[in-house]
Amino acid sequence: MAMAGKALWSGRFEDGMDDSTLRFTSSLDVDSRMAFYDIMGSLAHVRMLKSCKIVPAEDAEKIIGGLKELAQQLRDGRLQMDYSLEDIHTNIEVRLTEMIGPAGGKLHTGRSRNDQVATDFKMYLRDAVLNTVDAVNGLIRSLQDVAKRNRDVILPGYTHMQHAQPVTLAHHMMAHAFRFGRDADRFLDALKRMDKCPLGSAALAGTTYPIDRKMTSDLLGFSDPTENSMDSVGSRDFVTEIAFDASMAAISMSSLCEEFILWNSQEFRYVEMDDRYSTGSSIMPQKKNPDIAELTRGKTGGVVGSLVAMLVTTKSLPLSYNRDLQEDKKPVMESLDTVTECARMMSKVVSTLRINESRMLEATSGGFINATDFADYLVTKGVPFREAHGIVGEAVRYCIENKISLDNLTLDQFRKFSPLVDSDVFSAIAVKNCVERRDSYGGTSPASTDVEITLSMQDSMNREEDVRMKDMIIQKCWDRLLNE
Ligand code: ARG
């Protein structure tokens, strides 16, 4: 059955749209998630139309009343969507007109779905991003807690997955925390760049009505209106940027997960994941699997896929609006959902992780993880570092040939490599001292790590405050639009 009779644009058409065309072009499945923002955008728009005397006050009031009622229906889960109407914008407008009559037809004066959808999506993303930042920050908080509780726990630090130098677990956890901090802040930076309101750009060229774009921008909590109407309806770099930020956060989580999966293995046994956040096997009764970490690592594929989808979908699009742009929502909505959920789950995994400190310490012994410290020791005796490096290299080779470690060498054996070695060498290469002496700014010593934790906690507090303020500003806008 043909259905274009119901479409808002059916006037020009002799024949109705085929059902398959409707199904193919509809975005309701995805954009119904923006229903609330669509109503808020319309409330702001109609208030502006009223104040600029573009729509008579009486009609505007009817529209406002109807939109508020729709917002209430949405809150109560009573707002019915009609799948024969292609998108959320059409659904809201048609519902409104059914409710209040012909006055509803005045809402779309001086705007188009093109500026409407860009505005709705920015408002949706603003909230979604704040939620993601909150989740990532929660993960950072969990890492900080593990760091605080494991200030003196020593484990091997790796480069190339080879024992490099001993580090504290606190330092290692904080490395992840700072990386996640940048991920969270990158999202907040993106919000700054998308803080301009496209509404009133209309189809592409602006409008002949004497609209006040600053007013709608203020009512919706944006800093300013966008400066160019074609750019406003034809650009989605704000979406792609968020898709990138989500990808970066997913990659950071994936890296943390990879380590936890290794550390949780029988070979490492550095950590054990809590029963509540592990799963079993249907066939092997002994299994306890780190599925949350594996799934988080795995879901990174989809999140990065969303970024690629955005890049390729928008590549070579001519200005201004093209229907291709309708494909922007699903990937990025989903990638933010994924990153947020993964961060919340990983936060629980981190905060309930059991740490096997004796196993971590044991792993530092028996090898040459303190070789650099032996070289540094020789430097304190006046040997140039390059020469010291060579001497220690010979000592390591000797140890390998004789199947012993540096700690097992006697003073006499040490002296064969350099006569400058004294009995203080033993404390110089003890792993605890190796760690404690790396007290340069940003180094692994417990004292340096305390500074890191303090800085990171300060960052988290600032971030939480930023999110709280932004949420409050947005909430104020909604309260005003719904109650004034
Ligand atoms: N559903 C559309 C989208 O998401 C809304 C804009 C439709 N505009 C148009 N010219 N057909 O992009």
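Using modelled atom types and a 3.5 Å distance limit, the side chains of R75 and Q72 yield a donor-acceptor pair.
In this structure, the salt bridge (charged side-chain N to carboxylate O under 4.0 Å, His left out) partners of E258, at least two apart in sequence or on a different chain, are R297. Under the rule for a ring pair (Phe, Tyr, Trp, His ring centres under 6.0 Å), Y83 has no partner lying at least two apart in sequence or in another chain. Contacts of D127 classified as salt bridge (charged side-chain N to carboxylate O under 4.0 Å, His left out), with partners at least two apart in sequence or in another chain: none. Judged as a side chain to side chain donor-acceptor pair (under 3.5 Å), and not counting sequence neighbours, D376 has no contacts. Remark: E357 pairs with no residue by the salt bridge (charged side-chain N to carboxylate O under 4.0 Å, His left out) rule, at least two apart or across chains. Shown here are the salt bridge (charged side-chain N to carboxylate O under 4.0 Å, His left out) partners of E362, two or more places apart in sequence or in another chain: R359. With sequence neighbours excluded, the residues that form a side chain to side chain donor-acceptor pair (under 3.5 Å) with T372 are Q165. Under the rule for a ring pair (Phe, Tyr, Trp, His ring centres under 6.0 Å), F178 has no partner lying at least two apart in sequence or in another chain.
A salt bridge links K148 with D145: the closest approach of a Lys/Arg side-chain nitrogen to an acidic carboxylate oxygen falls below 4.0 angstrom. R437 and D373 are joined by a salt bridge, as a carboxylate oxygen and a charged side-chain nitrogen come within less than 4.0 angstrom of each other. Between D134 and R344, at least one side-chain nitrogen of the basic residue sits less than 4.0 Å from a carboxylate oxygen of the acidic one, meeting the salt-bridge criterion. Using a cut-off of 4.0 Å between Lys/Arg side-chain N and Asp/Glu carboxylate O, R33 and D337 are scored as salt-bridged.
Contact annotation: the side chain of K122 never approaches that of L220 to less than 4.5 Å [non-hydrogen atoms, C-beta and beyond].
The stretch residues 233-242 participates, sequence neighbours left out, in these salt bridge (Lys or Arg N to Asp or Glu O under 4.0 Å) pairs: R193-E241, R236-D328. Within the structure, salt bridge (Lys or Arg N to Asp or Glu O under 4.0 Å) contacts touching residues 422-431 (residues at least two apart or in different chains) are K381-D424, R415-D422. Counting only residues at least two apart or on different chains, the salt bridge (Lys or Arg N to Asp or Glu O under 4.0 Å) pairs with a member in residues 453-466 are R141-E464, D185-R463, E465-R468, D466-K470. Pairs passing the salt bridge (Lys or Arg N to Asp or Glu O under 4.0 Å) check and including a residue from residues 305-324, sequence neighbours excluded, read E86-R323.
Both cation-pi conditions hold for R126 and F222: the charged atom is under 6.0 angstrom from the six-membered ring centre and inside a 45 degree cone around its axis.
The number of heavy-atom neighbours closer than 6.0 Å to NE2 of H389, taken from other residues, nucleotides and ligands shown, is 12 or below.
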